[in-house]
Amino acid sequence: MPVNGVLDDRGAQVLRHVVEDYIETAEPVGSRTISKKMGQQLSPATIRNIMADLEEMGYLVQPHTSAGRVPTSSGFRYYVDYLLARRRLARPERDQLQRMAAGEAGSASADEVVRQFSRLLSSLSRQACVVVVSRLSSQPLRSLNLLRAGVDRILLVSVTQAGWVEHRLIEGERDLSADDLVKINAYLNELAAGLSLPQMRVKILQEMKKEKARYDRLMQRALLLGARALDEGSPAEVYVEGRANILDKPEFVEDVQKLKRILRAFEEKSIIVRLLDRALEEEAIQVSIGTENPVESLPDISVVASGYRLGEATMGSIGLIGPVRMDYSHVIPLVEYSARLLSSVFEHR
DNA sequence: GGTTCGGCCATGTAATCTTT
DNA sequence: AAAGATTACATGGCCGAACC
């Protein structure tokens with residue numbers, strides 16, 4: 001058996017069987033099981049030797065002496081990189097996703113679209129599905145609207161061209177009449193045409209200099225308002241569906257501490273964003289296995305995620321979160337396909 | 001309720017057999 | 001003959017049952 005981390009054919013076959021059996025049963029896998037799976041070509045004792053080598057190379061571990069073996073993160077990594085049979089997505093699943101996409105294509109609200117995707121994906125995969133919509137602010141705007149929302153507060157509603165709606169509340173504005181707001185709206189929308197929020201902010205700051213010279217009180221006011229509203233960057237939206245699927249996983253049910261940490265992470269936007277962050281950068285699907293994922297406190301979960309886009313711009317990422325023991329051959333094509341569909345839904349709005 | 005015991009399973013290894 | 005595979009056996013840890 002070579003020691004540089006590359007496996008010969010037998011080692012690879014054994015590792016593959018161990019990983020697949022473990023994915024199925026969540027139990028440590030013994031040498032006899034593998035021997036049977038391989039049609040008794042090799043005796044359990046021989047398998048044991050091979051498994052001992054695999055353990056030495058860091059692909060397997062033994063929870064305790066005289067237990068079967070469990071794949072490590074790098075064991076899964078090797079499996080995903082070299083041994084995984086790239087399965088095509090099963091017909092019925094593709095149809096289901098496609099039907100849903102077609103149904104949602106006309107939907108008015110973009111976040112309803114991602115929510116539906118998330119729901120379906122979590123039920124097809126039996127994992128928790130997470131969608132992150134980030135960079136809302138990088139999308140070009142369709143419209144901008146200021147509404148009076150109380151004596152001293154104004155609501156800013158912005159709608160992007162893809163159909164995302166965002167609200168912001170501006171406090172402490174009491175002396176603008178409804179009539180003023182209508183004028184300001186018209187003015188800002190004229191400025192906004194086709195720009196994203198940050199671009200618009202820059203534009204507003206430029207305009208402010210000019211307006212100072214012209215001394216138009218209302219326009220000045222409009223710009224100040226716009227600048228205030230756009231001051232802080234927009235936070236990412238996060239949707240989590242299928243949290244309960246985590247409760248079906250024996251490895252988490254047995255360890256309440258792990259379960260708690262994971263469920264808590266689902267409540268924490270920033271953690272989710274961090275988990276799916278890499279998928280935003282890269283075009284290709286990202287698989288983070290166990291300790292590879294960027295959140296150190298969650299070494300027992302894997303993330304399979306892919307970005308989706310609107311034209312050139314990345315809009316967000318969609319991904320599945322589950323135990324390291326995920327059926328990657330199923331989940332990877334699922335996520336890939338969903339991300340592509342999601343992109344095309346937004347493309348055609 | 002906590003502890004001990006025996007069955008069970010999987011292991012590692014030495015001795016032995018098979019293949020090349 | 002050497003390398004590889006198998007057999008046979010002792011060992012270690014888990015788990016449920018019996019016991020205190």
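Worth knowing before you read on, the calculation uses all heavy atoms, side chains too, and leaves out hydrogens, waters and symmetry mates.
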* Asked: Would you call A/Ile289 and A/Val80 a side-chain contact if the rule is heavy atoms closer than 4.5 Å?
  -> yes

* Closest approach of A/Ala265 to A/Ile271 (non-hydrogen atoms, all atoms of both residues) -> CB-CG2, 3.9 Å

* Asked: Side-chain donor-acceptor pair under 3.5 Å between A/Gln13 and A/Arg16, yes or no?
  -> yes

* To do: Can you tell me the distance, in whole Å, between the CG atom of A/Leu60 and the C1' atom of B/dT11?
  => 14 Å

* With side chains defined as the heavy atoms from C-beta onward, is the minimum distance between A/Arg69 and A/Val61 less than 4.5 Å? -> no

* **Any side-chain donor near an acceptor of the partner, A/Ser297 and A/Arg261, under 3.5 Å** => no

* Could you state the CZ-C1' distance from A/Arg32 to B/dC9, rounded to the nearest angstrom? -> 7 Å

* Report yes if the side chains of A/Asn185 and A/Val182 come closer than 4.5 Å at any heavy-atom pair, otherwise no. => no

* Reading 5' to 3' through nucleotides 2-14 of chain C, protein heavy-atom contacts under 4.0 Å coded B for base, S for sugar-phosphate only, - for none -> ---SBBB---BBS

* Asked: What bend angle does the helix from B/dG1-C/dC20 to B/dT20-C/dA1 show across its length, from five-pair end axes and to the nearest 10 degrees?
  -> 0°

* Asked: Do the side-chain N and O atoms of A/Tyr328 and A/Ser302 include a donor-acceptor pair separated by under 3.5 angstrom?
  -> yes

* Going by atom types only, do A/Asn145 and A/Ser143 share a side-chain donor-acceptor pair under 3.5 Å? -> no

* Structure fact -> A/Asp21 CG to B/dA10 C1', in whole Å, measures 14 Å

* **Euclidean distance, atom CD1 of residue A/Ile34 to atom P of B/dC9 [Å, nearest integer]** => 17 Å

* **Rounded distance (Å) that lies between atom P of B/dA10 and atom NZ of A/Lys36** => 9 Å

